Structure formats: C-alpha cells, structure tokens
Number of protein chains: 2
Amino acid sequence: MSDRRRPHTGRRRNEAARRAILDVAVDLLARDDGAPVTIDSLAAAAGVGKQTIYRWWPSKGAVLLEAMAERAGADIAVPDTGTLHGDLEAFLTATFRGAGRRLTASVLRNTMAEAQRDPHAREHMRTFVESRRSVLSGLLGRARDRGEIAVGADLALMVDQVYGVLWYRVLVGHEPLGDAQAAELARALSDQAAARLGGGGR
Amino acid sequence: MSDRRRPHTGRRRNEAARRAILDVAVDLLARDDGAPVTIDSLAAAAGVGKQTIYRWWPSKGAVLLEAMAERAGADIAVPDTGTLHGDLEAFLTATFRGAGRRLTASVLRNTMAEAQRDPHAREHMRTFVESRRSVLSGLLGRARDRGEIAVGADLALMVDQVYGVLWYRVLVGHEPLGDAQAAELARALSDQAAARLGGGGR
DNA sequence: TAGTTGTCGAGACCTTGTGTCTCGACAAGT
DNA sequence: ACTTGTCGAGACACAAGGTCTCGACAACTA
C-alpha cells in the first residue's frame with residue numbers, strides 16, 4: 001500500500017491571491033454606503049475566481065472576519081505609564097480613535113452583523129474579541145499587582161465596560177467615539193477602581 | 001372639485017392580522033437554531049399573505065424591530081429605593097435577567113444584526129435604544145438631583161456602560177448575563193459615582 | 001339594498017446573493 | 001515527461017427579499 005503520507009505535489013497555494021482577497025475584503029467592508037459585501041464583488045475586485053475563495057475559506061463570513069481581525073487593533077500599542085489612569089487613557093484613546101473612524105466603524109459594524117448569522121464568522125469573532133480583551137485584561141492585571149485595583153475586583157467586567165461602550169456606540173451610532181470619550185471613560189474606571197480600594201466595600 | 005379630503009371608504013386594516021404578524025415575528029426570532037427569519041416563513045406562520053406584510057411595513061427588518069421593541073423592556077419597572085445603588089441594582093437585575101434568557105438574547109442578536117443591514121430597522125433600533133437609555137438616564141438624573149452623582153458627571157457614558165456591557169455580552173456571548181453580573185455592575189457604577197463626588201477630581 | 005373602495009390570502013414572478021460544479025490553462029513537484 | 005492540485009472564469013442550483021396580480025370579501029356610502 002502506498003498509504004503512507006505522500007509528500008505534497010501539485011501547484012501550491014497562491015499567496016498573492018490570499019493577500020489580495022483579504023485586502024480587498026477590508027476595502028469593501030469599509031465602504032459605508034450600506035451595500036453589503038458580496039462574494040462576486042469580492043472575487044471580481046480581487047481579480048480572483050469565486051472557487052479560489054471557497055477553496056480556502058468555509059464561508060463569506062469567515063473571510064470577512066479574518067480580514068477584519070487582521071487589521072483591527074494591529075496598531076494599538078500596550079502603554080506602560082506606571083499608573084492605571086495613565087495606561088487606561090493611553091490605551092482607550094488609541095482604541096477609540098481607531099474604532100471611531102468612519103471607515104473602520106463600518107468594518108466593525110458589518111463584521112459583527114455577519115458574526116450573528118454565519119457560525120464560522122461567529123467563531124472567528126469570539127477568538128478576535130478574546131484576543132483584544134486579553135490585552136486590556138493584562139493591563140488591568142498589572143495595575144492590580146501594583147495595588148491600584150482591589151484583588152476581588154471583577155476585571156472581566158471592567159474590560160467589558162470598555163469594549164461594551166465601544167461596540168455599543170459603533171453599532172448604534174447614537175454617541176461619538178473619540179479622544180474625549182476615551183478620556184472620560186478612563187477617568188471613570190480609575191475612579192471606580194480607587195473607590196473599591198479605599199472604601200473597603202461600602 | 002371633489003378634491004377635499006375624502007372620508008375613508010373600503011375595508012379597514014385587519015388588526016388581528018397585525019397582531020398575529022408581530023407575535024409570530026417574536027416567536028420566530030426567539031428560535032436560536034440559527035435559522036434566520038424569512039418573510040415566507042413569517043407570513044405562513046401568521047396565516048397571512050406576504051403582501052399584507054409589505055402593505056404595512058417597508059421591509060422585513062422593520063417588522064422584526066417593531067416586534068422586538070414592543071416586547072423588550074416592557075416589564076422592566078423603574079425602581080425607587082431612595083439610593084443610587086439600590087435603584088441601579090434593581091434596574092440592572094431586571095434588565096440583565098430579561099436580556100440574559102436564551103430566547104430573548106436570540107431575539108436581540110437577530111434584530112441588532114438586522115439593524116446593521118436594513119436602514120428601516122436601523123432607524124427603529126435607534127428609537128428603541130433611545131427609549132431604553134432615557135429610562136436609565138432618568139434614574140441617574142434623579143440620583144444626581146439627590147447629590148449622589150457629581151453635577152459634571154457624564155450620565156450618557158454611565159448609561160452606555162450598562163447597555164454596552166449588555167449588548168456586548170449578548171452579541172458575543174463570551175460571558176454570562178444574570179443577577180450576579182447585574183449586582184457587580186451596579187456596585188461598580190455606584191462606586192464610580194461616589195468617587196467622583198468625594199474625591200473632587202483625582 | 002346596490003355600488004364603491006380597499007384589504008384579504010395566495011401564489012407566480014423577478015432579482016440578487018451564496019455556494020457548488022465544471023472547464024481548460026498552468027505551475028510545482030516527481 | 002508526467003502527475004497533481006491551483007488558477008480564473010463562468011454556468012448552475014437554490015434560497016430569500018420584494019413586487020405584481022388574482023378573485024374574494026368586508027366596510028363604508030348613497
């Protein structure tokens with residue numbers, strides 16, 4: 001039997017096509033003209049056959065989520081100012097500034113909607129969200145180690161107070177998302193942490 | 001000219017059909033089997049022709065949003081315990097308890113996704129969100145009048161910390177949403193308010 | 001009571017979008 | 001040279017949103 005693992009033969013995956021697909025996906029998602037991103041437009045804009053997309057991704061949502069996750073938060077540095085408030089303000093400013101831009105917000109809105117329908121996209125979203133949360137969670141953890149946050153505090157909830165506000169405003173669009181809001185929220189969360197520390201618990 | 005406003009003639013709108021459509025819409029949205037609600041299934045389940053739906057609503061999303069908004073938050077009482085923390089805990093417990101139920105969460109997820117695609121649904125969502133926010137905003141405003149929240153505090157941001165956490169967890173599903181989380185967030189927000197009051201600003 | 005108007009359920013129909021299948025061309029390996 | 005698997009292109013099947021038409025009939029007017 002030649003059943004043993006055969007070494008790979010045949011043409012390999014075209015990396016240029018992969019990059020073109022992911023890049024074009026972000027571009028199309030960023031158009032906030034309301035027109036949803038279709039597979040046909042994606043394939044056409046990337047100069048690629050539809051089958052090339054479905055050969056490597058299980059669904060449209062999976063492509064969009066991978067494209068989004070690759071970009072979002074790529075350039076958010078983890079600050080180290082020495083204080084909780086300083087770190088929070090720096091991190092939130094960079095994060096809100098990124099998510100608040102019209103085109104980026106459009107990408108986020110579209111992908112979150114996609115994640116509600118496509119199971120593959122949903123799984124990608126969970127992974128992406130977890131990766132972003134862990135960064136902020138680490139920042140808060142270090143503050144707790146420095147004694148700036150009570151040991152019993154619910155860090156996961158604090159993280160969600162940040163990303164909750166962000167996503168909620170991105171999705172509904174009832175309030176802006178910029179430097180002022182980042183500063184205000186950073187202040188609110190450090191106050192919250194300080195209160196729990198000093199007060200003792202009520 | 002018989003150009004003057006002619007009194008209405010002809011058969012009137014069937015109220016029973018309207019109710020059946022809205023009721024069935026919520027039922028279908030509540031199925032969290034991932035299957036999206038289709039117009040055909042909605043019409044069939046309501047025992048109604050498709051045209052009857054499109055005669056009264058501009059799009060599928062508009063129906064779904066109206067059905068959701070009619071239900072969500074209908075039984076959330078506005079508490080009056082006399083303290084910010086008491087009011088918050090009561091309100092958040094009721095709210096999180098409602099949104100955290102599997103079926104209700106499914107409705108919220110589906111409608112928020114719909115609101116990202118359908119402009120009519122989006123408008124309904126804005127209105128709905130505003131109505132819910134105003135209730136909580138009123139609660140906070142009364143606390144501020146009592147001197148429990150600083151005059152300069154950003155009430156809108158506090159409101160969004162609540163609904164942000166709620167929607168974020170409903171949409172992503174990475175953390176639960178129940179009494180414990182409501183209590184923790186109520187505590188966090190009252191601490192936040194108290195810190196701003198006493199501390200003065202840092 | 002007779003006539004008019006507009007809604008009703010039902011379903012054919014058009015359009016758009018997802019995902020599959022097939023084709024000939026060709027690139028990377030043996 | 002030969003095999004294998006990817007490539008772009010496009011036909012295809014299928015599902016869903018929304019429009020149009022039909023005969024039935026209910027509510028109103030005269």
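Computed from heavy atoms alone, side chains included, the values below leave out hydrogens, waters and symmetry copies. Quick note on labels: first sequence line is chain A, next is B, and so on, each numbered from 1. Values in this document were obtained by computation on a predicted structure and should not be read as measured data.
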>> Distance check needed: C:dC13 C1' versus B:Y54 OH, whole Å only.
In response: 14 Å

> Rounding to a whole Å, what distance do you find between B:E15:CD and C:dC8:P?
Replying inline: 10 Å

> Would you say the side chains of B:S134 and B:S137 form a donor-acceptor pair under 3.5 Å?
Replying inline: no

>> Checking B:V162 against B:F91 for the side chain to side chain contact (heavy atoms under 4.5 Å, CB included) test, could you report, in this order, the C-alpha distance in whole Å, the side-chain angles of both residues, the deciding distance, and whether it holds?
In response: CA-CA 10 Å; B:V162 170; B:F91 187 81; 5.5 Å; no

>> Distance alone, cut at 3.5 Å: any donor-acceptor contact between the side chains of A:T93 and A:D179?
In response: no

>> If the threshold is 4.0 Å, N to carboxylate O, is there a salt bridge linking B:R187 and B:E184?
In response: no

>> Rounded to whole Å, please give me the gap between CZ in B:R13 and P in C:dG9.
In response: 11 Å

>> Counting the atoms with a prime plus P, OP1 and OP2 as sugar-phosphate, which does A:W57 contact under 4.0 Å by heavy atoms, base, sugar-phosphate, or nothing?
In response: nothing

>> Angle between ring planes, B:Y168 versus A:W167, binned at 30° and 60°: parallel, tilted or perpendicular?
In response: parallel

> Whole Å only: how far is the CG atom of A:N14 from the P atom of C:dG29?
Replying inline: 13 Å

Show the distances under 3.5 angstrom between N or O atoms of the protein and N or O atoms of nucleotides 22-24 of chain C.
none

> Where along residues 24-47 of chain A does a heavy atom come under 4.0 Å from DNA chain D, residue by residue in number order?
Replying inline: A:G47

>> Side chain of A:W56 only, heavy atoms from C-beta on: which candidate in D:dG18, D:dC7, C:dG9 is closest?
In response: D:dC7

> Is the NZ or CZ atom of A:R13 positioned over A:W56's six-membered ring, under 6.0 angstrom from the centre and within 45° of the axis?
Replying inline: yes

> Between the side chains of B:Q192 and B:Q161, does any donor sit under 3.5 Å from an acceptor?
Replying inline: yes

>> I need the NZ-P distance between B:K60 and C:dT15, as an integer number of Å.
In response: 21 Å

> Quick one: which of D:dT19, D:dG8, C:dG19 gets closest to the side chain of A:K50?
Replying inline: C:dG19

>> Between P on D:dC7 and CZ on A:R19, what's the gap in Å once rounded to a whole number?
In response: 15 Å

> Reckon B:T52 has a side-chain N or O less than 4.0 Å from the OP1 or OP2 of C:dT7?
Replying inline: no

> Do B:K60 and B:D118 meet the salt-bridge criterion of a basic N to acidic O distance under 4.0 Å?
Replying inline: no

> Distance-only, no hydrogens or angles: does the B:E66 side chain make a donor-acceptor pair with backbone N or O of B:V63 under 3.5 Å?
Replying inline: no

> Rounded to the Å, how far apart are B:I53 CD1 and D:dC20 C1'?
Replying inline: 16 Å

>> Taking only side-chain N and O atoms of A:R55, does any of them lie within less than 4.0 angstrom of OP1 or OP2 on D:dC7?
In response: yes

> For B:R12 and D:dA26, is the shortest distance between a side-chain N/O and OP1 or OP2 below 4.0 Å?
Replying inline: no

